[in-house]
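Protein chains get the first letters and strands the later ones, always in sequence-line order, with residue 1 at the start of each. Since the model is a prediction, treat every value here as computed from it, not as a measurement.
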Amino acid sequence: GEDVEQSLFLSVREGDSSVINCTYTDSSSTYLYWYKQEPGAGLQLLTYIFSNMDMKQDQRLTVLLNKKDKHLSLRIADTQTGDSAIYFCAESMTAAGNKLTFGGGTRVLVKP
Amino acid sequence: DTAVSQTPKYLVTQMGNDKSIKCEQNLGHDTMYWYKQDSKKFLKIMFSYNNKELIINETVPNRFSPKSPDKAHLNLHINSLELGDSAVYFCASSQRSAGNTIYFGEGSWLTVV
């Protein structure tokens with residue numbers, strides 16, 4: 001079955017790197033995503049990775065995928081106060097109509 | 001030039017009422033979705049339409065009825081609203097053949113009193 005798990009909370013100092021972790025159970029995932037949700041706002045697609053890739057870098061964001069362990073991580077370099085938000089990991093499968101299965105979200109608090 | 005737009009953004013209504021949330025996308029996508037986010041921030045898919053055809057229908061009460069008049073629109077109608085329907089409803093869209101990047105609207109905050 002589908003299950004996506006994330007830690008609930010992460011506190012980090014401004015300027016440090018943040019690493020948000022996610023595990024998933026369905027090995028037939030096609031794409032894995034990271035979304036950001038600021039308070040009272042919608043879901044912003046940050047980045048995604050295809051399941052045959054190990055790593056993807058996009059400016060301050062680095063996504064690492066370990067398919068063997070079914071582990072996905074998002075590293076944010078030089079974390080800023082504007083990065084404070086809830087970060088959702090999600091998986092999708094083409095065979096399942098491309099529906100996204102989300103983790104519970106990790107609240108990231110960036111302290112000055 | 002909003003990509004996925006939903007209306008209304010906020011809706012407060014009484015139990016038993018019928019309400020609709022509208023969604024439009026101008027990305028030329030062929031697939032649209034409705035997701036529900038509960039008070040604990042859990043997000044779960046409700047419905048998905050591809051080229052106006054229903055392709056995903058999760059376990060959702062019959063009181064919820066999606067309608068897709070064309071590829072660019074997917075509306076959500078809710079009958080006999082209950083307190084437990086209070087949530088944030090997100091519309092999303094994607095192009096099935098183009099890497100499956102899924103874009104979300106800003107959400108519609110529904111409060112049933």
Side-chain angles (χ1 to χ4, degrees), chain A residues 1-10 20 22 24 26 28-53 56 58 61 63 84-109, chain B residues 2-10 21 23 25 27 29-51 53-60 66 74 87-109 111:
Chain A
E2 310 148 357
D3 200 11
V4 181
E5 306 251 346
Q6 302 177 236
S7 51
L8 284 176
F9 188 73
L10 175 68
I20 308 167
C22 171
Y24 59 98
D26 202 316
S28 54
S29 297
T30 315
Y31 288 90
L32 293 131
Y33 303 80
W34 286 104
Y35 284 87
K36 176 183 179 183
Q37 186 177 32
E38 296 182 47
L43 290 161
Q44 176 194 352
L45 176 64
L46 285 178
T47 187
Y48 66 96
I49 189 167
F50 190 48
S51 56
N52 68 353
M53 297 169 64
K56 181 177 179 182
D58 184 0
L61 306 178
V63 179
S84 292
I86 302 176
Y87 290 81
F88 291 94
C89 166
E91 63 173 355
S92 75
M93 287 163 283
T94 308
N98 295 335
K99 73 173 186 179
L100 289 174
T101 301
F102 283 88
T106 300
R107 288 181 188 271
V108 174
L109 177 64
Chain B
T2 306
V4 182
S5 58
Q6 306 178 218
T7 54
K9 186 171 172 72
Y10 300 102
I21 307 171
C23 180
Q25 54 94 4
L27 297 165
H29 288 166
D30 60 4
T31 306
M32 295 185 73
Y33 313 79
W34 278 109
Y35 282 81
K36 179 181 178 181
Q37 185 175 42
D38 64 21
S39 57
K40 294 182 180 176
K41 303 296 185 185
F42 289 117
L43 278 150
K44 194 166 167 58
I45 192 166
M46 300 172 69
F47 302 102
S48 174
Y49 272 73
N50 175 256
N51 285 318
E53 182 185 341
L54 181 65
I55 56 170
I56 294 174
N57 186 353
E58 296 289 290
T59 308
V60 176
L74 180 62
V88 184
Y89 292 86
F90 286 101
C91 178
S93 75
S94 70
Q95 182 64 25
R96 230 172 161 175
S97 61
N100 198 35
T101 309
I102 301 175
Y103 294 95
F104 283 79
E106 290 291 301
S108 294
W109 269 252
T111 303

**Study point:** Min side-chain heavy-atom separation L100(A)-L43(B) under 4.5 Å
**Key:** no

Practice item. Flag the pair I102(B) / Y48(A) as yes when at least one side-chain heavy-atom distance between them is below 4.5 Å, and no otherwise. Key: no

Segment of [X] engaging chain B (4.5 angstrom heavy-atom cut-off):
X	answer
L45(A)	side chain
Y35(A)	side chain
Q37(A)	side chain

Exercise for review: List in chain and number order the residues that pass side chain to side chain donor-acceptor pair (under 3.5 Å) with T106(A), two or more places apart in sequence or in another chain; answer none if no residue qualifies.
Suggested key: Q6(A)

Revision key, fill the gap. Here the gap from K44(B) atom NZ to K99(A) atom NZ, rounded to the nearest 0.5 Å, amounts to 6.0 Å

Check your understanding: NZ/K41(B) to CZ/R107(A) distance, rounded to the nearest 0.5 angstrom?
Key -> 6.0 Å

Check your understanding: Is it the side chain or the backbone of K9(B) that comes within 4.5 Å of chain A heavy atoms, both, or neither?
Key -> side chain

Practice item. Using non-hydrogen atoms and a 4.5 Å limit, figure out which bit of Q6(B) sits close to chain A: side chain, backbone, both or neither. Key: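 Neither part.
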
Point to revise | Qualifying residues under ring-ring contact (aromatic ring centres under 6.0 Å, His included), relative to Y35(B), sequence neighbours excluded | key: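 Testing Y35(B) for ring-ring contact (aromatic ring centres under 6.0 Å, His included), a comparison that skips the adjacent residues, returns F102(A), F104(B).
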
